[in-house]
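A quick write-up on the structure given underneath.
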Amino acid sequence: MTEEEIIEKTNKVFEESFEIEKERLQPGAHIFNDLGLDSLDIVDLVVALQKSFGVNIRNEEKIRDIRTLQDVYQFISTIKNAGGGKAS
Amino acid sequence: MKSNRVVITGAGAVSPFGCDVEALMAGIEQGRSAVRFMEGWDQYIGLRSHVAATAEIKDERAIPRQKRRFMGRMSIFSAQAAEQALVDAGIDPAMVPQMKMGCAIGSTMGSAKSINDAFEIMLPHKDISQLNSSMFFQCMSHTAAANVAQYLELTGYIMATSAACASSLQAIGAGYDLVRLGRQDVMLCGGSEEVHPTVTGSFDVLMATSAGFNHAPSKTPRPFDRDRDGLVCGEGSGVVVLEKYERAIKRNARIYAEITGYNTNGNGSHVSQSNRESMVRCMKQALRDAGIVPGEIDYINAHATATLQGDKEEAEAIKEVFGASVPVSSLKGYIGHTLGASGAIELIASLRMMQRGVIYPTLNLENISPDCAGINHVTALVTKNIEVILKNCFAFGGINAALVCRKV
């Protein structure tokens, strides 16, 4: 999966699940401070990413380190490219 | 203990006729039926009734996503109805968090659609990992009360009365007691419910639904009618603002009516069979609480859902207490049975009738059933000064509720 595809699919999750306008989806955007997500939204983000990318990431420790949108792209990229996050 | 007078100063409703009280009253005034054929319900094996009165959700994006994500359909109905009621009462929402104000919003259960969705996600593979964080908050029994409280930032008593079709009248009764006893200054009270095939199905398996009018939806339900064949589920929410009389006077609020009597009781006999004796006791005790005799009631807004047994028992109970003197009508023919919301929605419509000095007839009551005869059925518009009304609700679970309101 290319980086562009990961960005596109991830952004779509943020637009559809969290009603965030496309213009605000900048890589450096802090998902809590800038995009307004909270701890419960992270549960939904995981569910939506699992569905969108066909992975199982619920128990991945690195989710806790995610702060920016770029972190999400990177996280997904690592999972996909390492073949990790067993298909759900 | 000091007992405050309690008045109703605001009302809001989302109903099958639209998203405010005006739309509700316009539908009733025009004698329309909101009941329609439900496409796709024939997929449910064994479901005989394919009609319902649905409400449309509008402008839900006006509720911020952070609050809205915990709301199923019924909570959106309630949040909108509660906000309307506050505005109608002339209470500034910004002042709400500082007020001694709570809410009691009842329903049979949590969001039927959300509960169904949750099980559909979870059960096929016994997998909870696909459930999102808001699902529980949409499914829980106090979802409407909790969501209204969160949305309006209420900091007082937050309660959910769950007594099926008596839920919202019990909520109003509970709010009445809380304000009467001085525990709260203002209460937002009412109820909410959703249409869903599983909800209609729960009545359908008991043979309590209307199944003979799937291709003539506007002809059902038929409260007190010879050809009635069961209830039709509806959805929506009704919420009223209750406050201390002195407080309402002090701020020059418009007062719809004073709540002067209330009672709720159990029939002690059967979970689903209505029981005339307990209905009589319930209405009589509400009248005693109001300190009035039956002859002082000007209008009875009946529960009458158009079930064979329920209508008969209610008509007999009304006959025993009131004879044939007091006009009686049911609003179920217009909007179906909005279950946990019905007490509040129909009370709001009754208060408007009181305001206008008119009684709207029971829609679809064309031939009074012999087993419902002997009471003063309203079959055409009646113009009458209405000072005191009685609202009845009778629920599965063997629970009755009756509320008396007087014009101030």
Side-chain angles (χ1 to χ4, degrees), chain A residues 9-26 29-67 69 71-72 75-76 79-80 83-88, chain B residues 56-77 79-80 83 97 110-111 113-153 158:
Chain A
K9 275 185 137 180
T10 303
N11 285 2
K12 202 171 169 211
V13 164
F14 277 82
E15 281 178 65
E16 289 177 358
S17 299
F18 306 111
E19 299 174 13
I20 298 170
E21 303 83 359
K22 204 173 273 184
E23 313 79 74
R24 292 172 60 205
L25 296 174
Q26 301 302 321
H30 194 288
I31 61 172
F32 297 116
N33 301 339
D34 298 326
L35 302 181
L37 271 61
D38 64 15
S39 57
L40 289 178
D41 284 326
I42 298 307
V43 176
D44 294 350
L45 177 63
V46 167
V47 171
L49 290 172
Q50 289 187 151
K51 202 171 173 187
S52 188
F53 290 97
V55 292
N56 189 347
I57 54 174
R58 204 157 161 255
N59 297 320
E60 292 286 339
E61 288 288 324
K62 283 179 180 169
I63 289 172
R64 297 172 194 275
D65 301 331
I66 289 174
R67 293 291 177 273
L69 205 47
D71 292 342
V72 182
F75 172 77
I76 293 291
I79 293 284
K80 290 297 278 187
K86 294 176 286 292
S88 57
Chain B
E56 194 183 347
I57 290 184
K58 278 187 182 164
D59 303 325
E60 73 272 24
R61 293 250 170 164
I63 302 170
R65 183 193 71 85
Q66 295 283 15
K67 306 268 188 187
R68 188 178 6 106
R69 63 185 158 154
F70 304 117
M71 298 180 180
R73 285 174 65 76
M74 64 190 298
S75 294
I76 293 175
F77 294 150
Q80 292 180 335
E83 192 169 31
S111 165
K113 180 177 185 307
S114 300
I115 290 170
N116 199 69
D117 289 350
F119 286 135
E120 281 194 355
I121 292 168
M122 186 169 58
L123 290 183
H125 305 288
K126 294 191 168 50
D127 176 6
I128 68 156
S129 69
Q130 303 304 314
L131 290 175
N132 66 32
S133 66
S134 60
M135 209 51 124
F136 167 72
F137 300 98
Q138 296 175 16
C139 296
M140 60 192 190
S141 299
H142 62 310
T143 185
N147 275 303
V148 165
Q150 291 296 319
Y151 179 49
L152 298 174
E153 300 180 11
I158 310 301

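Throughout, a chain's letter reflects where its sequence line sits, starting with A, and its residues are numbered from 1. Just so you know, these numbers come straight off a predicted model, no measurement behind them. Values reported hereafter were calculated over all heavy atoms of this structure, with side chains retained and with hydrogens, waters and symmetry mates removed.
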(message) What's the separation between atom CG in Leu40(A) and atom CZ in Phe137(B), rounded to the nearest 0.5 Å?
(response)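 Reported to 0.5 Å precision, the distance equals 5.5 Å.
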(request) Can you tell which part of Ser39(A) gets under 4.5 Å to a heavy atom of chain B, answering side chain, backbone, both or neither? (result)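 The answer is neither part of Ser39(A).
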(request) Taking all non-hydrogen atoms of both residues into account, name the closest pair between Leu131(B) and Val47(A) and its distance. (result)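 Reported closest heavy-atom pair: O-CG2, 3.4 Å.
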(request) Heavy atoms only: give me the nearest Arg58(A)-Ser129(B) pair and the separation to one decimal. (result)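 Arg58(A) and Ser129(B) have their closest heavy atoms at CD-CB, 3.7 Å.
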Take atom [atom1] in [X]; do more than 12 heavy atoms of anything else shown fall under 6.0 Å from it?
X         : atom1 : result
Gln150(B) : CD    : no
Lys113(B) : NZ    : no
Ile57(B)  : CD1   : yes

(request) Sort out for me which residue in Asp38(A), Ile42(A), Asp44(A) forms a side-chain contact (heavy atoms from CB on, under 4.5 Å) with Ser133(B). (result)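 Output: one option passes, namely Asp44(A).
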(message) Measuring only between side-chain heavy atoms, which start at C-beta, is Ile20(A) closer than 4.5 Å to Arg65(B)?
(response)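 Contact flag for Ile20(A)/Arg65(B) side chains = no.
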